[in-house]
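Here is the structure we will look at.
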Amino acid sequence: MGLKLTFGWVCLLILSLSVCITEAQGQTKDFNVKNYGAIADGSTDNSKAFLKAWKEACEWTGRARVWIPIGTYRVNSVKFEGPCKGPIAFVIKGYLKAPTEPSLFITQNWINFRYINNLTVSGGGVLDVNFFNLLSCSKCKRLTSSYALQIYFQTMRFDFVTNAWVHHLRSINSKNTHFVVFGCVEVKFTNTRISAPADSPNTDGIKMANSRGIKIQQTTIRTGDDCIAMLAGTRHVRIFNVTCGPGHGISIGSLGKDGDQNDLFDIRVRNCSFHNTSDGIRIKTWASPGIGKVSALIYEDIFMNQVGNPIIIDQEYCPYPPCKTQPSRVQISNVTYRNIWGYSGSKVAVTFRCSQSTPCRDLVMENINLHYHGRDGEGSTALCNNVKGESLGPQNPASCI
Ligand SMILES: *[C@@H]1O[C@H](CO)[C@@H](O)[C@H](O)[C@H]1NC(C)=O
Ligand SMILES: *[C@@H]1O[C@H](CO)[C@@H](O)[C@H](O)[C@H]1NC(C)=O
Ligand SMILES: *[C@@H]1O[C@H](CO)[C@@H](O)[C@H](O)[C@H]1NC(C)=O
Ligand SMILES: *[C@@H]1O[C@H](CO)[C@@H](O)[C@H](O)[C@H]1NC(C)=O
Ligand SMILES: *[C@@H]1O[C@H](CO)[C@@H](O)[C@H](O)[C@H]1NC(C)=O
């Protein structure tokens, strides 16, 4: 009897241990949107089905996976909110299409993830806002292009998300920014492909603000505005192996338009290439009263292929004149440009138009080789206003620091 009991207890112990282990490993449970009524016919609105699948997945205490199988799904604006009870993955195998009636572009974004920890978005699928086809559709003739320009509709947005990984996704034909990261911590993008027509306005690739620990790697961005835009409150960013172009390059700013504090620091851009972009690596601040600091930036191992302004700091940024004309009070310091080479599309390959009131400090130019083939046979030049720093190693154009 005693022996039996002991044996029984051991069994129980083993059983509960294995239950414990299984739970700790977190068996993944799939929540297939088709089981929630999604129809992959390209026209049915699947928002409700997607939201139902999300809600149950979010309630699941183990690892949950919202599964969108291959097929074309129309989805109107959806908001996927946490906090969830366990790590959650959103696997997009299919092709997601935004609404086609202008009246449904009523929210500021299409697919919104909010307040989630441990999120993965992946699957090899496509996010298609299809906006440029919408403009030509006959039903939408009343949509004048000026009205169309006012619509603000970001493709995928992350608000207050932590520990997220976005990979193997394609975003095409965005109306506004493709991916927005706001108030997030530790978000990584890898193997993501982003594209919108070169002449589509405001179609930034990835835009971030008030976020830290953002990584963008092995990613290709072809769009009509900035490939990557970093705004106020961005820290600890690593951008590696990114191909940008067409587009407006990788930008910090614009900053300092309003009275806000605009601090950004610890940003590294490495091993990236720019193809036929209007700008390469750019920092822009308005000639306005906003204050702030931009520091600890390293740009290295970068190839420029026919880039309008390969290296530029513009502290008199004014895309829509007239602007307030007072020197920018955003302080730019400790910026290193190392191993930057290739071809400039304009004669002035390096532009440092810094502020009179807060000159750029500790700028380091190291090993720069940017060619320009002018009709007159002249090479590239550099322009410096209010800059302090140093140049190391070969310099083409001749350094102006
Ligand atoms: C979830 O996120 C926490 C940090 O908040 C991290 O420590 C943990 O490893 C993550 N868990 C999983 C399963 O990804
Ligand atoms: C960049 O890409 C190369 C080859 O594709 C890879 O070996 C390397 O690890 C990547 N670097 C980073 C930081 O992702
Ligand atoms: C840089 O990127 C190229 C491809 O663009 C890759 O072949 C190379 O391995 C990368 N190098 C590093 C050090 O990441
Ligand atoms: C460069 O961009 C311009 C304007 O976007 C375009 O007209 C031109 O064809 C592009 N050139 C290449 C080589 O892609
Ligand atoms: C300058 O930036 C580098 C790299 O981002 C950082 O390691 C260093 O501490 C900074 N220096 C100062 C004086 O802030």
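Just follow the structure's listing: the first ligand is 1, and inside any ligand the first atom is 1. Note that this is a predicted model, so its numbers are computed, not measured.
An N or O contact shorter than 3.5 Å links N334 to ligand 5 by distance.
At the shortest separation from atom 5 (O) of ligand 5 among protein heavy atoms lies A296 CB, 3.4 Å.
Cysteines C384 and C354 keep their SG atoms at least 2.5 Å away from one another.
Proximity to Q218 (heavy-atom distance under 4.0 Å) selects the following atoms of ligand 2: 1 (C), 2 (O), 10 (C), 11 (N), 12 (C), 14 (O). Below 4.0 Å from some heavy atom of F240 lie the following atoms of ligand 2, by number and element: 13 (C).
Checking each of V387, V350, T336, I340 against M365 for a side-chain contact (heavy atoms from CB on, under 4.5 Å) leaves exactly one that passes, namely V350.
Taking the six-membered ring where the residue is Trp, F182 and F160 present perpendicular rings, their angle passing 60° and hence far from 30°.
Counting only heavy atoms, the protein gets under 4.0 Å from atom 2 (O) of ligand 5. Proximity of atom 7 (O) of ligand 5 to the protein is not indicated, since no non-hydrogen protein atom lies closer than 4.0 angstrom.
Taking the six-membered ring where the residue is Trp, the centroids of Y337 and F352 are separated by under 6.0 Å.
Contact annotation: for I298 versus ligand 5, heavy atoms closer than 4.0 Å belong to the side chain alone.
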TODO: Go through F113 and V121 one step at a time and tell me if the side chain to side chain contact (heavy atoms under 4.5 Å, CB included) criterion holds.
DONE: CA-CA 10 Å; F113 292 98; V121 184; 4.0 Å; yes

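In this structure, I70 places its CD1 atom where only 12 or fewer heavy-atom neighbours from other residues, nucleotides or ligands lie under 6.0 Å away.
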